[in-house]
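Letters A, B, ... mirror the listed sequences (proteins, then strands); counts begin at 1. Just so you know, these numbers come straight off a predicted model, no measurement behind them.
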2 protein chains.
Amino acid sequence: MAIGASLPGLEKKSLREQALAALRRAITSGELRQGQHLVETELSEMLGISRGTLREALRQLEQEGLASAGPRGRLSVRHLDPKEIRDIFAVRGVLESLAARTLIEQPRRAKAVGELRDALENMDEASGRSLEDRIEADLDFHRLLCRLSGNETLLHQWQSLEGSIRMSIMFAGLERATSNMSVDRHRDIVDAIESGDAVTARETILAHMESASNNLVSED
Amino acid sequence: MAIGASLPGLEKKSLREQALAALRRAITSGELRQGQHLVETELSEMLGISRGTLREALRQLEQEGLASAGPRGRLSVRHLDPKEIRDIFAVRGVLESLAARTLIEQPRRAKAVGELRDALENMDEASGRSLEDRIEADLDFHRLLCRLSGNETLLHQWQSLEGSIRMSIMFAGLERATSNMSVDRHRDIVDAIESGDAVTARETILAHMESASNNLVSED
DNA sequence: CATATCATGAGTGTCAACGATTGTCGGATG
DNA sequence: CATCCGACAATCGTTGACACTCATGATATG
């Protein structure tokens with residue numbers, strides 16, 4: 001049997017993780033609207049999994065801030081108001097600033113800078129494609145920054161915000177999101193890291209995040 | 001009707017939350033040792049709850065970083081090495097710095113400063129009591145700082161580190177932990193916030209965290 | 001008509017028991 | 001001694017059931 005050849009992927013994740021990914025996607029894509037009530041029995045049927053397994057996924061979803069619990073454990077898709085978006089981006093800003101600072105303190109950061117430039121490259125290529133691709137490339141860059149810091153806790157915390165970040169972008173609508181994905185602004189960050197200037201790196205990132213959240217919640 | 005006055009509290013938490021709290025406590029108190037394998041059937045029996053309910057709690061524990069999954073989903077109590085402790089405290093540092101900065105930017109921060117001074121008071125009183133009480137008072141102070149920032153995301157992220165922080169202190173042993181709980185050093189933070197000096201506040205907090213993690217992992 | 005009471009339904013919390021899969025360990029066997 | 005085999009352990013996931021709580025609407029009562 002010509003095994004393996006056609007096996008699409010060894011990506012055998014547990015059902016719980018698949019369910020979690022599906023739910024994340026459904027929320028950040030707007031398929032499930034903000035405030036919408038998440039009914040265990042419905043969802044477990046839709047996803048074709050048992051309630052128990054689904055509940056495990058929901059717990060995680062809750063901790064990622066994509067769902068919030070009302071009275072009596074009723075979960076609904078979290079609603080993000082402008083203040084919360086600003087708050088999320090403020091936290092994100094300090095996390096990524098720390099990543100930059102950590103990276104700068106590492107003597108051999110040339111390789112990391114190279115990888116970041118590759119990520120910039122990807123963003124550039126994606127700029128012609130769909131908005132989703134661009135968002136993906138953008139988040140890839142920022143996630144990579146955190147990963148390269150070598151601080152697992154930092155990466156983990158950033159990732160636990162990732163869903164909320166996606167939701168914020170969703171919430172903002174597509175035009176406003178676009179202005180945050182300029183390659184140039186991201187290049188400034190990499191330049192600052194490469195030059196070893198921690199203060200500038202930090203200020204660049206914080207400014208980037210502040211303007212990003214301003215764009216996302218602007219009222220026009 | 002003078003009811004309720006004496007009603008101690010209808011704080012009926014779900015079994016899942018109680019289990020989670022019990023597990024947290026067991027880990028941060030050292031009752032469950034680092035690296036120890038967490039067997040679902042054993043734990044569910046010990047806690048007197050079903051496996052399903054326990055599993056939900058375990059997922060949460062995992063996301064808090066108190067347990068880590070080995071191959072094929074086997075969970076064990078997370079092992080923290082010195083680098084991880086430093087990493088945790090670095091993240092904690094930037095989170096609390098953000099809290100301080102946010103607090104400073106609020107025009108009416110006098111009340112918050114008052115509450116922080118109360119917390120200092122508590123730390124002072126606790127300094128004569130058991131080490132656990134002092135740890136509690138210390139963490140209360142830092143958690144309060146995050147809460148007063150009004151940034152729910154920030155508070156949430158901090159709390160998701162709280163278990164790891166407790167573990168770090170555990171891991172360090174009791175003597176080394178003590179030196180991190182000086183009231184004076186904490187007063188410096190409050191003073192900086194009160195004076196509205198964001199830069200000093202940030203530097204004070206980061207220095208505090210760096211020296212704290214140094215103390216915790218020092219090799220003597 | 002207004003109000004109090006009750007039946008019903010939806011949804012979550014929790015449990016118990018089961019099957020499937022996979023890794024582990026102790027032997028029996030050549 | 002190496003290897004294969006079988007029992008065991010443990011997790012993943014499922015199913016089905018029951019209790020509890022709350023909202024809702026119907027009904028009975030004044």
request  = Considering just the side-chain nitrogens and oxygens of A/Arg59, establish if one lies under 4.0 Å of OP1 or OP2 belonging to C/dG13.
outcome  = yes
task = Figure out the CD/P separation between A/Glu17 and D/dC12, and round it to whole Å.
result = 10 Å
task = Take the protein atom CZ of B/Arg16 and the nucleotide atom P of C/dT12, then report the distance between them rounded to whole Å.
result = 12 Å
inquiry  = Applying a 4.0 Å non-hydrogen cut-off, can you work out what B/Gly52 is touching in the nucleic acid: base, sugar-phosphate, or nothing?
reply    = nothing
task = Sort out for me which residue in B/Ile189, B/Val91, B/Leu145 forms a side chain to side chain contact (heavy atoms under 4.5 Å, CB included) with B/Glu96.
result = B/Leu145
More than 12 heavy atoms of other groups within 6.0 Å of B/Glu125 CD = yes
request  = Examine C/dG13: is either OP1 or OP2 under 4.0 Å from a nitrogen or oxygen in the side chain of B/Arg55? Give yes or no.
outcome  = no
ask   = When we call it a touch if two heavy atoms are under 4.0 Å apart, what does A/Leu43 touch: a base, just sugar-phosphate, or nothing?
value = nothing
inquiry  = Taking any heavy-atom pair under 4.0 Å as a contact, classify B/Ile49: base, sugar-phosphate, or nothing.
reply    = sugar-phosphate
request  = Looking only at side-chain atoms of A/Arg72, point me to the closest of D/dA10, D/dT21, C/dG11.
outcome  = D/dT21
message = Between P on C/dA17 and CD on B/Glu45, what's the gap in Å once rounded to a whole number?
response = 12 Å
query = Just how far, in rounded Å, is C1' of C/dG13 from CD of A/Glu40?
reply = 8 Å
task = Quick one: label A/Leu38 by what it contacts on the DNA or RNA (base, sugar-phosphate, nothing), any heavy atom closer than 4.0 Å.
result = sugar-phosphate
ask   = Looking for any heavy atom pair under 4.0 Å, which part of the strands does B/Gly48 touch: base, sugar-phosphate only, or nothing?
value = sugar-phosphate
message = If you define the side chain from C-beta out and look only at heavy atoms, does anything of A/Arg129 sit under 4.5 Å from A/Arg134?
response = no
query = Can you tell me how far P of D/dC12 sits from CG of A/Leu54, to the nearest Å?
reply = 16 Å
inquiry  = Quick check on C/dC15: is either OP1 or OP2 less than 4.0 Å from any side-chain nitrogen or oxygen of B/Thr53?
reply    = yes
note = Winner on side-chain proximity to A/Thr41, out of D/dT14, C/dT12, C/dT22, is C/dT12
remark   = From the candidates C/dT14, D/dC12, D/dT11, the one with an atom nearest any side-chain atom of B/His37 is D/dT11
request  = Could you check whether A/Arg51 gets within reach of a base, just the sugar-phosphate, or nothing at all, counting any heavy atom under 4.0 Å?
outcome  = base
query = How long is the line joining CZ of A/Arg74 and P of C/dT12, in whole Å?
reply = 6 Å
Separation of C/dT12 C1' from A/Leu58 CG (nearest whole Å) = 11 Å
task = State which residue, out of B/Glu132, B/Glu64, B/Glu136, fulfils the salt bridge (Lys or Arg N to Asp or Glu O under 4.0 Å) condition with B/Arg166.
result = B/Glu136
query = Between atom CG in A/Leu75 and atom C1' in C/dG11, what is the gap in whole Å?
reply = 11 Å
request  = Anything under 30° is parallel, anything over 60° is perpendicular, the rest tilted; go ahead and classify A/His142 against A/His208.
outcome  = parallel
